[in-house]
Number of protein chains: 2
Amino acid sequence: MAEVTLKDVALASGCSIATVSRVLAGTRPVGAETARTVRAAAEALGYRPNHVARALRSRSTGTVGLVLPQITNPFFPFLVRELEHALHAEDRAVLLADCDDDPVTEAARINALLARRVDALLLIPVDERRSREAVAAAAAQVPLVLLDRGCGPGVADSVAVDNAAGMALVLAHLAATGRRRPCFIGAAGTASAAAERRAAYEAGAAALDPGAPGRVALGDFSVEWGRAAVDRLWPSRPDAVVCANDLIAAGALQRLRQLGADVPGEVAVTGFDDIPLAGLADPALTTVRQPLAELAAEAARLLSRNPAAGPPAARRAVRLAPELVVRASSAGPGTRGGGSS
Amino acid sequence: MAEVTLKDVALASGCSIATVSRVLAGTRPVGAETARTVRAAAEALGYRPNHVARALRSRSTGTVGLVLPQITNPFFPFLVRELEHALHAEDRAVLLADCDDDPVTEAARINALLARRVDALLLIPVDERRSREAVAAAAAQVPLVLLDRGCGPGVADSVAVDNAAGMALVLAHLAATGRRRPCFIGAAGTASAAAERRAAYEAGAAALDPGAPGRVALGDFSVEWGRAAVDRLWPSRPDAVVCANDLIAAGALQRLRQLGADVPGEVAVTGFDDIPLAGLADPALTTVRQPLAELAAEAARLLSRNPAAGPPAARRAVRLAPELVVRASSAGPGTRGGGSS
DNA sequence: ATGAAAGCGCTAACAT
DNA sequence: ATGTTAGCGCTTTCAT
């Protein structure tokens, strides 16, 4: 039951602990014969390397911190899963921190992870502005990649979906299916997803209808806000309700139904993100699917970029193309009632 | 930019590193005067303890592993959030592992966390039987608490909701609102949530209707299964569809609506867990709410139980009482149409 | 109350 | 290719 250490393996295999270390860590060339002996001894004794000691000596914990605003936001668990798999695949462990959507908690969590000597930080900032200081400080200490949301220019590398492209897909689809009076339910604030989707709507919708950019209601990314916003926008009788994410769209859908509106016959509803809820809504939500696995892979790749080579490499801002998922909530106006897809 | 160590603080404050350690870790009595000086020096230099070195020396990483079947199961993120907060509150960090619902991956993840020297393991087993071996082996090495699902008798301490009590609440509610022909859509397998909810339904429903225990369909905990199961059970015209969790209930609701059934007028539908989807469904789902914060707190408490005291303390199996949340999907049969609650 | 010194288990120079 | 020797930064005896 006592811990088996390198020393034990060295004793058992009749060579020095340095050699054993080299064999087991594969760090230097080693005699084929010795290697076999050592591995056998390690196996026999049930040796398990002590990552803590290794980390202290090598100054690398093999651990990355994952900091996110709220794990309960239904969009994040999928991202977390992909990240966890991508990282474990290269033998890095994931220290998880949930910030409760609060920049102060976020700063505390970042510090806690830094104190634990994470090799790198993967971070979805709580707030574009209020997270900046803590994020910039952290980025000065370890490689840091921003995910999904930005945090001001030049703070760190970032990976996100191309929000503008996604919104353009939605608007093109609505135009192609004959919608002419769109409106937009978005989120206030400067978070990149909120701002970019809003800006893209305003830019794209003007081509459809000069009045469209005016039909905008801004709140937060919640179901409740989706419901409330419909009360503000429905009186202007839009034929499409473009929502900044699926939660808002779910709320909008619910409220429209309560008001007796015919979706999609009278009015189309679209979301963004393609969380599971989108497929379950009635009618099922047309939405924009984020390339989660690719986002995760790209983030992991960015983390592994050797930061020591050459001058402080320019920040990268990777944007990945999303995909439109057409479901019943935006079926052509002629198609009354819609079916589930 | 170089790391500030205890030695630097000792030099700056003119005392030994041992004293500094004692001041900063609050481990032993120390002169008030010295303490002040040391703290000032630490502050001035921006000293940050190195948890890795501390862990190597003290044989405690201050880290607990959280192993779960699938973070994308919508029930888990809430539990994860509560656990994260409970643990960070006592300065423990959380290493997250997602098992992709696969016992083999689960075993690998457990080993990875053990190699990282987690102080303890919080684990939601993938499978009652197939997880047992790996879990038992892990429990022999570190304190381990099972969450939400069991893993055979006596393997480890466990914390879960009282599934039988929850199901009894549902059946009592249905009986009180005049339902007489319930049926049950559950999950096959031996996972405790599946088995206990199923058994409780069968026990409780027999009192309502001798034929009820026969109207049971067993699949998995998914929306798809909920949909499919309705096709099997609806022909027998139940007046209540009791589901083993909210995902199943969401699927059942959707399919019933497609078949033109009137919920709740003609048939009530109930879920279990109270995930956010439950409130969003139409009609909103009557369900059983798990006391998540209490479950998390209890799990954290169990982890902190000093395992070194006395004989290997008997395993604890803590069961917490759930709460019935009545919504529109089970409004009395007379109340046609229901409103959103 | 404080200091000196010995490691925790490992990797990385430096020898050989 | 292998062994020897220093530590990584900290906590913890053991002295004083």
Side-chain angles (χ1 to χ4, degrees), chain A residues 1-39 41-42 45-63 91 114-119 141-142 308, chain B residues 1-39 41-42 45-63 91 93 114-119 141-142:
Chain A
M1 204 54 240
E3 278 308 305
V4 180
T5 75
L6 272 192
K7 190 158 77 174
D8 300 320
V9 179
L11 242 50
S13 60
C15 58
S16 78
I17 71 170
T19 303
V20 176
S21 168
R22 293 195 266 252
V23 171
L24 267 24
T27 224
R28 293 218 172 254
V30 119
E33 185 63 16
T34 350
R36 224 188 329 279
T37 322
V38 167
R39 256 187 273 273
L45 296 176
Y47 170 74
R48 312 246 331 224
N50 183 326
H51 281 238
V52 174
R54 178 176 289 181
L56 178 59
R57 182 63 238 227
S58 67
R59 326 197 65 71
S60 158
T61 52
T63 296
D91 275 319
L114 254 19
R116 291 232 148 60
R117 296 303 194 268
V118 292
D119 288 344
Q141 302 187 48
V142 295
Chain B
M1 203 54 238
E3 279 310 304
V4 180
T5 75
L6 271 193
K7 190 159 76 172
D8 300 319
V9 179
L11 244 48
S13 60
C15 59
S16 78
I17 72 171
T19 303
V20 177
S21 169
R22 296 196 262 251
V23 171
L24 267 24
T27 258
R28 293 220 172 253
V30 118
E33 185 64 15
T34 348
R36 224 189 330 279
T37 321
V38 167
R39 255 186 273 275
L45 295 177
Y47 170 74
R48 314 249 325 228
N50 183 327
H51 281 238
V52 175
R54 178 176 292 180
L56 178 59
R57 183 62 235 235
S58 66
R59 324 199 65 70
S60 157
T61 54
T63 296
D91 275 319
L114 254 19
R116 290 231 148 61
R117 297 303 193 269
V118 292
D119 287 344
Q141 303 188 45
V142 294

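Residue numbers begin at 1 in each chain, while the letters A, B, ... track the order of the sequences.
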Review point. Any donor and acceptor pair, going by atom type alone, linking the side chain of B/T27 with main-chain N or O of B/V23 inside 3.5 Å?
Key: no
Exercise for review: Check whether the side chains of A/S16 and A/T19 place a donor and an acceptor atom closer than 3.5 Å, and report yes or no.
Suggested key: yes
Exercise for review: Kindly say whether, by distance alone, the side chain of B/R22 makes a donor-acceptor pair under 3.5 Å with the base of C/dG3?
Suggested key: yes
**Study point:** A/Y47 side chain, from C-beta outward: closest of C/dC10, D/dC10, C/dG3
**Key:** C/dC10
Check your understanding: Within this structure, what is the CZ-to-P distance between A/R28 and C/dC14, rounded to whole angstrom?
Key -> 11 Å
Check your understanding: Between B/H51 (NE2) and D/dG9 (C1'), how many Å, whole number?
Key -> 12 Å
Practice item. Could you state the atom-to-atom distance from CD1 of A/I17 to P of C/dA13 in whole Å? Key: 16 Å
**Study point:** Integer-rounded Å distance: D/dG9 P and B/E3 CD
**Key:** 8 Å
Exercise for review: Whole angstrom is fine here: how far is it from CG in B/L6 over to P in C/dA6?
Suggested key: 18 Å
Study note, to complete from the structure: Atom CZ of B/R117 and atom C1' of C/dC8 are separated, to the nearest Å, by 11 Å
Review point. What is the nucleic acid contact for B/T5, judged by heavy atoms within less than 4.0 Å: base, sugar-phosphate only, or nothing?
Key: sugar-phosphate
Check your understanding: Phosphate oxygens OP1/OP2 of D/dT11: is one of them under 4.0 Å from a side-chain N or O of B/S21?
Key -> yes
Review point. Which sits closer to the 5' end of DNA chain C, A/A18 or B/A53, going by the nucleotide each is nearest to?
Key: B/A53
Practice item. Counting heavy atoms from C-beta on, name the nucleotide in D/dT11, D/dT4, D/dA1 closest to the side chain of A/S16. Key: D/dT4
**Study point:** Cationic N near anionic O, under 4.0 Å, A/R117 to B/E3
**Key:** yes
Review point. Donor-acceptor pair under 3.5 Å: do we get one between A/R57's side chain and the base of D/dG7?
Key: yes
Revision key, fill the gap. Between A/Y47 and the options A/V38, A/D8, A/V20, A/V9, the side chain to side chain contact (heavy atoms under 4.5 Å, CB included) test singles out A/V9
Study note, to complete from the structure: Heavy-atom nearest nucleotide on DNA chain C taken for B/L56 and for B/G14; more 5' hit belongs to B/G14
Revision key, fill the gap. Here the distance between atom C1' of D/dG7 and atom CZ of A/R59, to the nearest Å, is 11 Å
Review point. The side chain of A/S58 lies closest to which of these nucleotides: C/dA12, D/dT11, C/dC10?
Key: C/dA12
Check your understanding: Roughly how many Å is it from NZ in B/K7 to P in D/dT11, rounded to a whole number?
Key -> 16 Å
Check your understanding: Is the backbone N or O of A/L24 less than 3.5 Å from a side-chain atom of A/R39, with the two atoms forming a donor-acceptor pair by type?
Key -> no
